[in-house]
Each structure stands twice: as C-alpha cells, then as structure tokens.
Amino acid sequence: MFEEIDKNFILHSYGRNYVNFTKGEGAKLWDDKDHDYIDFTSGIGVVSVGHANKQVSDAICDQAKKIMHVSNLFLIEPQAKLAQSLVEKSGYDMRCFFANSGAEANEGAIKIARKYGEENGEPKRYKVITLKHSFHGRTISTLKATGQESMHNYFGPFPDGFVYADDIDHIESLIDDHTVCVMIELVQGEGGVEPMDKQEVQALAKLLKSKDILLAVDEVQTGIYRTGEIFASNLYEIEPDIITVAKGLGNGVPIGVVMTTHKDIFSPGDHGSTFGGGYLVTRAAYEVLEILERYKDSGGLDEAILYFENKLAALVDAYPDMVEKEVGLGLMRGLRIKNAKLLTDLITKAFAKNVLVLKAGRNTLRFLPPLTITKEEVDEGFKRLTEAFEVTKVA
Ligand SMILES: *Cc1c(COP(=O)(O)O)cnc(C)c1O
C-alpha cells in the first residue's frame, strides 16, 4: 500500500527498494512483516552508534520537551557545547559553523575559501581543485565540486572556478594564480572506498601551506571515528584549514558542520542557516561524540574494526573468483568485485538473505556498519552474506 503512495507522491530520484522498516536496535532492523535484517550500511554511514540508541533518544526526548528552536541570533547552549566537544576531541584549533547536511557543510567550506581568496593576495583567488572521482554533494555548487562529470548532466550552467585533478599527484600542475583551495576526501566514499596514500597527502598538505592555498578535507563520510580516529585527518596526521562533517555525527538527525582554523573568516551576515545548530540535533550529536569517545578509549572501536576486517579477509580468501581485493579503512570498507553485474547480483542476493550492503563506484561492495556493531551481529551478517555469495556463485 505504501509503495503505491510513495510512487504516486514522491519524485523518483532514488532507485528505491520497497521494504518498510519499522524499528531497529543496534545493527538490526525489522520490517513490517517482522523479518529481521543485519544492517552493514547504517544508512550511508549515518547511524554510527546503532539504531534506537537509548542515550541519544533519551537526549532527544528530553530536549524536545524543553525547547526546540530559537534563531541563531541567540545563544544556543547545546550548539556551543557540541562545538567545544568537536574541536577539543579533534585536537585542531578551529571554530565551527553548523549546517544541516554534508552538501551544506561543503557549501560553507567553499564560501570560506572564496572569502579567504578575496582577502588574501592579488589577483583575487577563487579556484577550488577537487579530484575526478570525488563526491561533495548535490547542490549546484557542490555538484560542480564533485569531479564525476557524468553527474553534471542536465543541471548547468554551474558556478565557475572548479578544476578536477586525476589524482593527488596531478594537483600541483593545476595550481595557478587563481587557486585558493584544494578539497579532497581522504577515503573516497561514493568514488569506490578508495583511501588516499598517506605520504602523498602529507606532501600535498606541505605544498599547499607553502603556497598559502587552503586544504579542505571533506570528512562528511570519513569523519566521526569512521576510519578509527575522530577524523581521518588525524589518522593521516595532517592539519587541514577546513574540515566538513555530517553523516555519522547525528546518528540520524540532520546535521552538518564546517570547521576551520581561520577563526575570524566570517563577520555577521556572511553566512547563515535557519535550522543549523538547533537544540535537538546538537544535543543528539553531543551524546554521539560522548559515546564514541568512550568506546574508542576503551579499545572497543579498534576491536570491532579488527574483527570486521578479519571477516572480510576470509571472504576474499573464500571467493577469489568473485572478489579482487579488500579496500578501505576502519569501518569504511569495500570489496572490489570482479564486474558490475556480479556486484548487482550480490547486493540483491544479500538483501534476499536479510543483510544490507551498499554499492560504491562501479564495482565495489561497500560496508559502513554501525561503529558499535557487536561480534554477534558481525557473525550473523557475514553468515548471511556468505550464503549470498554461495547462491550468486552457482547462479
Ligand atoms: C554524503 C556525502 C556528501 C553529501 O552529504 P549530504 O548530507 O547528502 O548532503 C558530501 N561529501 C561526502 C564525502 C559524502 O560522502
């Protein structure tokens, strides 16, 4: 019934699967027929502390009963507390601006870079270099910042000033007098779970610093402990000028953040958001960070990463005809599947066996489980996934 309603009233911008999930707990989901699923996707890396996390939902309920909204023309206590927590946990000397999504956080990053370029040096600098297989969002400018040209069909004209490098090595040759910023993901998510080389990234960071060009790291997917540290930037031991965050921060409430070391870049009126940094989402995100910091400090996160890694390695060994290799970092992982058709089959068969997995790029089976996934949930998920591999193999 809801499938019909959905099809009649929702624009068809997603290749939607019509299962109707009605509740979740940890890394488990249940549909309206009470079938259970193991969730190796957490949305797309959103539900980092698990579905229906009690500490997060208690904070949301408590806040909803007190106050939900005043404009950003007033102090919002949980926004201030969340900003302090994010900055202190990151170890970077930054300030935050709160938005509502990853794309919007990246819009903020682009505006920071453009203003920096306006105020620092002659001629005015405005160009942002990104990578060919990047993904930075769906708004007009973040779509243009996204280097996958196939996604630019239909929607032009776009704003000027975006340049695409084939890879990190190629960036230097594209720098000119108008370049103000380089924006990269440290592990490309949508592009195929592709980690950048640490030495190359560190060399790039050094080069950009010497040329007074800003380094913006899009941590919308890699951020909030997804790669094992609060930010992948910490793991890569670099000091970006700008970091953007969104997906895993709110456990499902819409939140985006742009953080920068250029603490005085904006003056009142330069940037804003009606909903950004509201009470409800910042209370929720504060709890997410508390939970994950404790989890990381106790060794739980590293243990979960290792456990998941070993299960993936076993799959690679068991199905060499189907899997090329394992890719990714932390709990942002992928299996390179031999071809696109096999990948589609695997995802369909996995769903039929009640385990949720994602696709990335053309040939990557992607895993973004809740960071707090238990060993029992991992075991059950891989049991079902192995069954999916078996039936795909014979099919
Ligand atoms: C998902 C994603 C975005 C876009 O985030 P939205 O919240 O969908 O706007 C931007 N950058 C990266 C790296 C992402 O993975």
Side-chain angles (χ1 to χ4, degrees), residues 11 13-16 41-48 97-113 128-148 151-152 155 162 164-165 168 181-196 201 215-227 230-233 235-236 240 242-259 273 275-278 281 284-285 288 327-334 358-361 364 366-369 371:
L11 286 170
S13 67
Y14 301 101
R16 196 161 260 173
T41 69
S42 33
I44 301 181
V46 168
V47 187
S48 44
F97 175 89
F98 285 94
N100 309 284
S101 67
E104 233 188 289
N106 286 338
E107 289 277 348
I110 295 163
K111 282 179 75 174
I112 288 168
V128 178
I129 301 174
T130 62
L131 294 175
K132 284 233 165 97
H133 297 286
S134 58
F135 181 80
H136 298 298
R138 300 285 192 164
T139 61
I140 290 289
S141 7
T142 61
L143 196 56
K144 187 61 179 170
T146 295
Q148 306 179 50
M151 296 179 73
H152 301 165
F155 304 116
F162 293 95
Y164 313 122
I168 300 253
C181 181
V182 169
M183 179 154 75
I184 56 170
E185 298 152 89
L186 293 173
V187 185
Q188 289 182 338
E190 306 310 305
V193 198
E194 187 64 46
M196 300 293 126
V201 169
L215 174 60
V217 180
D218 179 345
E219 297 238 25
V220 168
Q221 195 161 146
T222 54
I224 315 302
Y225 298 94
R226 181 51 63 183
T227 66
I230 181 165
F231 292 120
S233 297
L235 194 66
Y236 277 69
I242 301 169
I243 291 177
T244 55
V245 197
K247 291 194 168 90
L249 179 57
N251 215 46
V253 298
I255 187 166
V257 194
V258 53
M259 306 168 63
S273 166
F275 295 119
V281 298
V288 170
V327 287
L329 281 177
L331 284 176
M332 182 171 180
R333 315 296 296 210
L358 288 161
K359 179 184 162 165
T364 306
R366 177 165 48 157
F367 301 83
L368 293 164
L371 302 176

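Whatever order the structure lists them in is the order used to number ligands and atoms, beginning at 1.
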Next item on the list: Mind checking whether A103 contacts ligand 1 via backbone (N, CA, C, O), side chain (CB onward), both or neither, at a 4.0 Å heavy-atom cut-off?
Entry: both

Notebook entry, point to check: How does H136 reach ligand 1, by side chain, by backbone, by both or by neither, if only non-hydrogen atoms under 4.0 Å count?
Noted result: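 Near ligand 1, H136 shows its backbone, while the atoms from C-beta on stay back.
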
The one among [options] that brings a heavy atom closest to [atom]:
atom	options	answer
atom 2 (C) of ligand 1	M183, Q221, E107, K247	K247
atom 13 (C) of ligand 1	N100, V217, D218	D218
atom 7 (O) of ligand 1	A105, G102, A99, G191	G102

Any side-chain heavy atom of [X] sitting closer than 4.5 Å to one from [Y]?
X	Y	answer
E107	T142	yes
F135	V220	no
V245	F231	yes
V187	R226	no

Suppose I only count heavy atoms of [X] and a 4.0 Å limit; which atoms of ligand 1 are within that range?
X	answer
N106	10 (C), 11 (N)
S101	7 (O), 9 (O)
E185	13 (C)

Next item on the list: Give yes if a backbone or side-chain nitrogen or oxygen of G137 is under 3.5 Å from a nitrogen or oxygen of ligand 1, and no if not.
Entry: no

Check: So, does Y236 use its side chain to make a donor-acceptor pair with the main chain of M196 at under 3.5 Å?
Finding: yes

Note to self: Less than 3.5 Å apart, any donor N or O on the side chain of E185 or T222 sitting next to an acceptor on the other?
What the structure shows: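 Side chains of E185 and T222: no pair found under 3.5 Å.
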
Item checked: With E190, the side chain to side chain donor-acceptor pair (under 3.5 Å) member among H136, R366, K359, H133 ->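 The side chain to side chain donor-acceptor pair (under 3.5 Å) with E190 is passed solely by R366 among H136, R366, K359, H133.
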
